[in-house]
A.B. asks: 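Before we start, here is the structure in question, set down as structure tokens.
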Amino acid sequence: MVLVPIRRAVIPSPLEDQRKFDDFITQYLNKCDDLLSYTKRYPIVKQTPLMTVQRQNRNPHETHRWLRRDIFLHHLESSYDELKQVMFSCRAEHLPRWMPQLLAVDKVETVVPNLCQVFRYSYKSQGLKANRDYCQLVVMREFLGETAKLKPRIFTPSASMANLALLSRTQSSTSISGQFANNAFSSSRCGSPTEGGGGLVKSLKPVRSMADFQAPNKAPAHNQFAGLTQAPPVTSEDDLPDAPRPIRRFQVVTVPIEHRNCTEQRGFVRAFYETYEEVREYSDGHVEWSCIHHSDFSGWVPSFVADHSIATAFPKEAEALLDYVQRIRTHPLNNEY
């Protein structure tokens, strides 16, 4: 499966048809839930007390392999509020500060502020590789209270995840847990889309309706953007009846998009990536950050070279972000906003 950017025309106008726009957002949050479940089966390639990295087995249906990274935070590491400010509420402002290879972040379009936006990311490549630029759609949502605690049903958007059945047969499963504590952080000045919040976001339905949770045998409603079919059950610690559920969580989904105001720059190669992230906070204060990533460097770089480069950089990016959060905890940047 090759990464293919979506077209701007497929994004419904939230002003003309709120329901279709909600369905569009929901399909990506559904895919995030799917990947969080299925990628637990990937083999572990790196494991430390702080981090576990897993990588998809070679698959003839995939040009590049998927990666998963889980971060487990205790009281000496980052809190939920710290990660929310850097990764969610003020994402575009913070990205260039902790990712040195990122040359520029340019906002291309705001479909709905802090919920659905398009950005251009320009990266400096190392060695002989040409610089890369990415045109990405960013979808974000936070879930609080009972909405955060509800365990979503797992569906498979067949249009974009046709290989999941194969993955479920070929990957091995693993999980890890630990004890953690919370740490306070100053409130963010940037807006954030929260389930149950005000304005336009308030009118958006939950990722899956209450009817889905209350009637588990009910077939999912038709979705014009992706055919949703119920996936086979996946056994993990999260599936146990007494498994802890988060008290709040947020998701950030980033996918490639074609946009007339985001054409390829001179001196850059247009590349593509998908990232599905979720940060969860539990009642005892510990925080988990999961990230699933799939990318295509494009250009002349062979796929095995690109895969090796991405796999090497993947854990380092998380370490750089956590180091950055520690720096702003010690030296707040509030005076710069």
Side-chain angles (χ1 to χ4, degrees), residues 3-16 18 21-22 24-29 32 82-125 131-142 187-194 197-201 204 250-279 291 293 295-296 298 317 320-321 324-325 328 333-337:
L3 273 176
V4 178
I6 68 169
R7 294 176 293 107
R8 172 59 182 88
V10 307
I11 304 179
S13 168
L15 299 178
E16 295 178 0
Q18 177 64 48
F21 177 77
D22 185 18
F24 176 82
I25 298 297
T26 296
Q27 71 163 331
Y28 286 107
L29 302 180
C32 185
E82 289 174 317
L83 292 177
K84 178 182 173 182
Q85 182 180 19
V86 172
M87 299 172 57
F88 186 86
S89 302
C90 303
R91 185 181 184 89
E93 292 88 339
H94 284 286
L95 267 174
R97 298 176 182 273
W98 66 266
M99 192 175 287
Q101 69 272 29
L102 182 58
L103 299 174
V105 176
D106 301 305
K107 184 181 294 185
V108 177
E109 182 185 3
T110 297
V111 182
V112 174
N114 302 304
L115 173 65
C116 181
Q117 298 173 294
V118 179
F119 291 92
R120 180 203 299 272
Y121 302 120
S122 304
Y123 282 86
K124 180 180 180 180
S125 298
N131 292 339
R132 260 61 179 172
D133 78 338
Y134 302 81
C135 187
Q136 300 289 132
L137 174 69
V138 180
V139 173
M140 304 188 294
R141 182 80 64 83
E142 184 177 32
S187 60
S188 170
R189 301 183 184 182
C190 304
S192 59
T194 302
L200 176 62
V201 176
L204 294 178
F250 66 81
Q251 293 180 343
V252 180
V253 175
T254 307
V255 296
I257 184 172
E258 290 182 353
H259 197 288
R260 64 182 181 182
N261 295 331
C262 189
T263 56
E264 186 175 329
Q265 303 177 83
R266 180 185 296 273
F268 288 78
V269 173
R270 175 56 51 88
F272 312 96
Y273 74 89
E274 287 183 87
T275 298
Y276 298 82
E277 298 181 88
E278 182 176 83
V279 174
C291 176
H293 180 82
S295 59
D296 182 354
S298 300
E317 287 183 357
L321 186 145
Y324 171 72
V325 171
I328 63 176
L333 302 175
N334 292 337
N335 61 321
E336 299 186 23
Y337 295 100

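Numbers here simply count residues along the sequence, with the first being 1.
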A.B. asks: Roughly how far, to the nearest 0.5 Å, is the CD1 atom of Ile11 from the CD1 atom of Ile6?
C.D. replies: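 Output value for this atom pair is 4.5 Å.
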
A.B. asks: A side-chain contact here means heavy atoms from C-beta on lying under 4.5 Å apart; do Cys135 and Glu258 qualify?
C.D. replies: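 No; the side chains remain at least 4.5 Å from each other.
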
A.B. asks: Could you tell me the separation between the CD atom of Glu278 and the CE atom of Met87, rounded to the nearest 0.5 Å?
C.D. replies: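 Spacing of CD (Glu278) from CE (Met87) equals 10.5 Å.
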
A.B. asks: So which atom in Glu317 and which in Trp98 form the shortest heavy-atom distance, rounded to 0.1 Å?
C.D. replies: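 Looking at all heavy atoms of both residues, the closest pair is O-CZ3, 3.3 Å.
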
A.B. asks: Between Phe268 and Leu103, is there a side-chain heavy-atom distance shorter than 4.5 Å?
C.D. replies: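 Yes - at least one pair of side-chain heavy atoms lies under 4.5 Å apart.
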
A.B. asks: Can you find a pair of side-chain heavy atoms, one from Gln101 and one from Arg132, that are under 4.5 Å apart?
C.D. replies: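 Side-chain contact under 4.5 Å: no.
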
A.B. asks: Measuring from atom NE2 of His293 to atom OH of Tyr276, what distance do you get when rounded to the nearest 0.5 angstrom?
C.D. replies: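 The distance works out to 11.5 Å.
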
A.B. asks: Is there side-chain contact between Leu83 and Leu321, with at least one heavy-atom pair below 4.5 Å?
C.D. replies: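 Yes; the side chains approach each other to less than 4.5 Å.
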
A.B. asks: Can you tell if the side chain of Gln85 reaches within under 4.5 Å of the side chain of His94, non-hydrogen atoms only?
C.D. replies: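 Yes, close enough: below the 4.5 Å cut-off.
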
A.B. asks: Donor-acceptor pair, Arg8 side chain versus Ile257 backbone, under 3.5 Å?
C.D. replies: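 No, Arg8 side chain to Ile257 backbone: no donor-acceptor pair under 3.5 Å.
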
A.B. asks: Can you say whether the rings of Tyr123 and Tyr121 are parallel (under 30°), tilted (30 to 60°) or perpendicular (over 60°)?
C.D. replies: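 Ring orientation of Tyr123 relative to Tyr121: perpendicular.
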
A.B. asks: Rounded to the nearest 0.5 Å, what's the gap from CD on Glu109 to CD on Gln117? Could you check?
C.D. replies: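 One finds 10.0 Å between CD of Glu109 and CD of Gln117.
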
A.B. asks: Hey, which of Lys84, Glu277, Met140 is the one that makes side chain to side chain contact (heavy atoms under 4.5 Å, CB included) with Phe250?
C.D. replies: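 Of Lys84, Glu277, Met140, side chain to side chain contact (heavy atoms under 4.5 Å, CB included) with Phe250 is met by Lys84 alone.
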
A.B. asks: Can you measure from OG (Ser122) to CG (Asp106) and round to the nearest 0.5 angstrom?
C.D. replies: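 If we round to the nearest 0.5 Å, Ser122:OG and Asp106:CG are 6.0 Å apart.
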
A.B. asks: To the nearest 0.5 Å, how far apart are SG in Cys32 and CZ in Arg141?
C.D. replies: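 The distance works out to 12.0 Å.
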
A.B. asks: For residues Val10 and Pro12, report the shortest heavy-atom separation together with the two atoms involved.
C.D. replies: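 Nearest pair, atom of Val10 first, then Pro12: O-CD, 3.1 Å.
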
A.B. asks: List the atom of Asn131, the atom of Gly267, and the distance in Å for their closest heavy-atom pair.
C.D. replies: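 So the minimum-distance heavy-atom pair works out to CB-O, 4.0 Å.
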
A.B. asks: Is the shortest heavy-atom distance from the side chain of Asn114 to the side chain of Phe88 under 4.5 Å?
C.D. replies: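 SC-SC contact between Asn114 and Phe88 ruled out.
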
A.B. asks: Taking the side chain as every heavy atom from C-beta outward, state whether Ile328 and Val86 have any pair of such atoms under 4.5 Å apart.
C.D. replies: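 Result yes, sub-4.5 Å side-chain heavy-atom pair found.
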
A.B. asks: Are the side chains of Phe21 and Cys116 in touch, meaning some heavy atoms are under 4.5 Å apart?
C.D. replies: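 In short, these two side chains touch, coming nearer than 4.5 Å.
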
A.B. asks: Between Gln136 (side chain) and Tyr273 (backbone), is there a donor-acceptor pair under 3.5 Å?
C.D. replies: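 Between the backbone of Tyr273 and the side chain of Gln136 there is a qualifying donor-acceptor contact (under 3.5 Å).
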
